[in-house]
Amino acid sequence: MVAATLGMAGSYSPIAVSSFGFFVVPLNAEFGWGRGDISFAVTILSYTVALLSPFVGALVDRVGVRRVLLPSLCAFGLTLVALALMSGPLALFLGLYFLLAVSGAGVTSAVYSQVIVRWYDRSRGTALGIGLSGIGIGLVVLPPLIQQIVERFGWRGGYLFLAAVVVLVVFPVCLVWLKERPWVGKDSSKAAPASGLSLTQAARQPRFWFMSFSFFLLGIFTTGFSAHMVPLLADLGMAGAMIGLAVSVKGFTVIVGRLGVGWLLDRADPRVVVIVSLVGPIACLIMLMMGGSPWLVFMAAALAGFGVGAEQDFMCYFTGKYFGVKNYARIYGVMYAMLIFGSGTGPLIMGYCQQFTGDYTLGLGVLAALTTLAIVPLMFLGRYPTNEEVDLAALPEPTVSSGV
């Protein structure tokens, strides 16, 4: 649990996505690239991770977490070093973000959560909340440091700092402390019994597609807002130190959201938890459309963080509860892919709205409307099935033979 939590603090989302906003303005100043053009890097990053996630999930189910995670961390760190050494053009920058995505697909929360799901059953929501709060820890600790490093040493120093976090901190922690529970394969004699649907069986259920659609829309909000939070606040006149603090406030409430929502999912009606959790992000977007006074910005950042903290709790928890854990990584990989497809769309919406209109007002409105729409399908998921019901649904359909 500790290794997974610390690993997620330096995983794909805090390192590649949430830090992106600190590089937008410096890259624009040095190379003259538009914010929409720069944001296309996040779209490449997100779409590539989305396409690879189901395959990574299948690989994790087959060979285990460590054999996927550890090589991916090394490649992830080296690509960040390559970004620090880049000198343009835009095509090279976008190409390096493609490589960052290829390696980043193996260091996402989908990979880390597999460890947690296999170790915990009865209090899985709480366990996932604790583990996934590692992303929030990364969002609290890293933004002020990145902001200071970029101000003092430029954007190249920022990328080198992120590479050091991955290679010198996260990799050793996972190498030494991340342990897996025996499940399948060579150690199947020691494995805990597992129930669950195959990916094909899960995809036959309407709730699979309800969840996929909602997570796609939530991805648009999460990364659309996170990738442009720094330039958005800069446009509102906030100083660099205050921007770093606002991003950290968001990171702190990500932790609160992960822990609180995980605890609630074990105890309350999931529909109520969904509504309570996602009202905050909608309010955040509306508040930022109204103006930029410091207290309003910090309140908006806190509300956004709570919603961001909740969404992956929903995805991890609902996937295990509705479809079982036998093929969790495969099914979760598809859900995560939908989230990441949305993540690739959100930054484009925000970036090009700013590039064509001169501010983020239109982009914030679009994100608020889509986040509201995301709540609706989650209201129709129904009760959690029992393990026996999941096992029954997983049985192969009987074949009908015609007698002569």
### Query
Where do Phe93 and Ile38 land on the side chain to side chain contact (heavy atoms under 4.5 Å, CB included) test, with the steps shown first?
CA-CA 9 Å; Phe93 173 70; Ile38 295 171; 4.2 Å; yes
### Query
Got a second to check how far Met315's CE is from Ile331's CD1, nearest 0.5 Å?
13.5 Å
### Task
Check whether any side-chain N or O of His228 sits under 3.5 Å from a backbone N or O of Pro347 as a donor-acceptor pair, and report yes or no.
yes
### Task
Report yes or no: does Gln201 contribute a side-chain atom to a donor-acceptor pair with the main-chain N or O of Ser198 at less than 3.5 Å?
yes
### Query
Hey, are the side chains of Val274 and Phe318 touching, using non-hydrogen atoms and a 4.5 Å cut-off?
yes
### Query
Just by modelled atom types, is the Leu100 backbone N or O under 3.5 Å from a matching donor or acceptor in the Ser103 side chain?
yes
### Task
Count the heavy atoms belonging to other residues, nucleotides or ligands that lie under 6.0 Å from CZ of Phe208, then report whether that count exceeds 12.
yes
### Message
Using only atom types and a distance under 3.5 Å, with no angle test, would you say the side chain of Thr253 pairs donor to acceptor with the backbone of Lys250?
### Response
yes
### Nearest-0.5 Å distance, CE of residue Met350 to OG of residue Ser226
10.0 Å
### Task
Under the side chain to side chain contact (heavy atoms under 4.5 Å, CB included) rule, what do Met211 and Thr319 come out as? Steps first, then yes or no, please.
CA-CA 9 Å; Met211 291 166 61; Thr319 299; 4.1 Å; yes
### Query
In Å, rounded to the nearest 0.5 Å, how long is the span from CG of Leu73 to CG of Leu78?
11.0 Å
### Message
Does either side chain, that of Ser343 or that of Thr223, offer a donor lying less than 3.5 Å from an acceptor on the other one?
### Response
yes
### Query
If every non-hydrogen atom of Phe306 is compared with every non-hydrogen atom of Ser277, which pair is closest and at what distance?
CE2-CA, 3.8 Å
#### Entry: Evaluation steps, side chain to side chain contact (heavy atoms under 4.5 Å, CB included), between Val261 and Tyr317
CA-CA 10 Å; Val261 170; Tyr317 193 81; over 6 Å; no
### Atom pair CG/CE of Leu364 and Met287 - distance to nearest 0.5 Å
12.0 Å
### Query
Is Val81 close to Leu85 at the side-chain level, that is, under 4.5 Å between some pair of heavy atoms?
yes
### Task
Return the minimal non-hydrogen interatomic distance between Thr371 and Pro281, and the atom names on each side.
CG2-CB, 4.4 Å
### Task
For the residue pair Ile375 and Met379, establish whether any side-chain heavy-atom pair is separated by less than 4.5 Å.
yes
### Message
ring-ring contact (aromatic ring centres under 6.0 Å, His included) for Phe23 and Tyr159? Distances and angles first, verdict last.
### Response
CA-CA 9 Å; Phe23 298 97; Tyr159 279 122; 4.0 Å; yes
### Task
Kindly determine whether Leu373 and Phe213 satisfy side chain to side chain contact (heavy atoms under 4.5 Å, CB included), including the steps that lead there.
CA-CA 10 Å; Leu373 180 60; Phe213 181 63; 4.1 Å; yes
### Task
Taking the six-membered ring for Trp and the full ring for Phe, Tyr or His, determine whether the centres of Phe76 and Tyr12 are under 6.0 Å apart.
no
### Query
For Ala227 and Val24, which heavy atoms make the closest approach, and how far apart are they?
O-CG2, 4.3 Å
### Task
Answer whether the closest heavy-atom distance between the side chains of Thr345 and Phe216 falls below 4.5 Å.
yes
### Side chain proximity check, Ile15 to Leu142, heavy atoms < 4.5 angstrom
yes
### Task
For Met299, look at atom CE and say whether over 12 heavy atoms of other residues, nucleotides or ligands are found less than 6.0 Å away.
no
### Task
Can you see which heavy atom on Arg207 is nearest to which on Tyr322, and at what distance?
NE-CD2, 3.3 Å
### Query
Say you draw a straight line from CZ of Phe22 to CG of Leu145; how long is it, rounded to the nearest 0.5 Å?
9.5 Å
### Query
Under the 3.5 angstrom rule, does the side chain of Arg330 hit a backbone N or O of Leu199 as a donor-acceptor pair?
no
### Task
Would you indicate whether the side-chain heavy atoms of Phe298 and Leu245 approach each other to under 4.5 Å?
yes
### Task
Check the side chains of Tyr352 and Ser39 for a donor-acceptor pair under 3.5 angstrom, ignoring hydrogens and angles.
no
### Task
State, with a plain yes or no, whether a side-chain heavy atom of Leu348 is found less than 4.5 Å away from one of Phe40.
yes
### Message
With heavy-atom distances below 4.5 Å as the criterion, would you say the side chains of Arg66 and Leu175 are in contact?
### Response
yes
### Task
Without swapping roles, check the side chain of Trp209 against the backbone of Ala203 for a donor-acceptor pair under 3.5 Å.
yes
## Note on the structure
In Val141, Leu162, Val230, Val165, the residue satisfying side-chain contact (heavy atoms from CB on, under 4.5 Å) with Ile146 is Leu162
### Query
In Å and rounded to the nearest 0.5 Å, what is the CZ to CZ distance from Phe55 to Arg62?
14.0 Å
### Query
Between Tyr97 and Phe20, does the ring centroid distance fall short of 6.0 Å?
yes
### Query
Which heavy atom in Gln355 sits nearest to a heavy atom in Asp37, and how many Å separate them?
OE1-N, 3.6 Å
### Summary
Smallest heavy-atom separation, Arg271 atom then Leu378 atom, equals CG-O, 4.1 Å
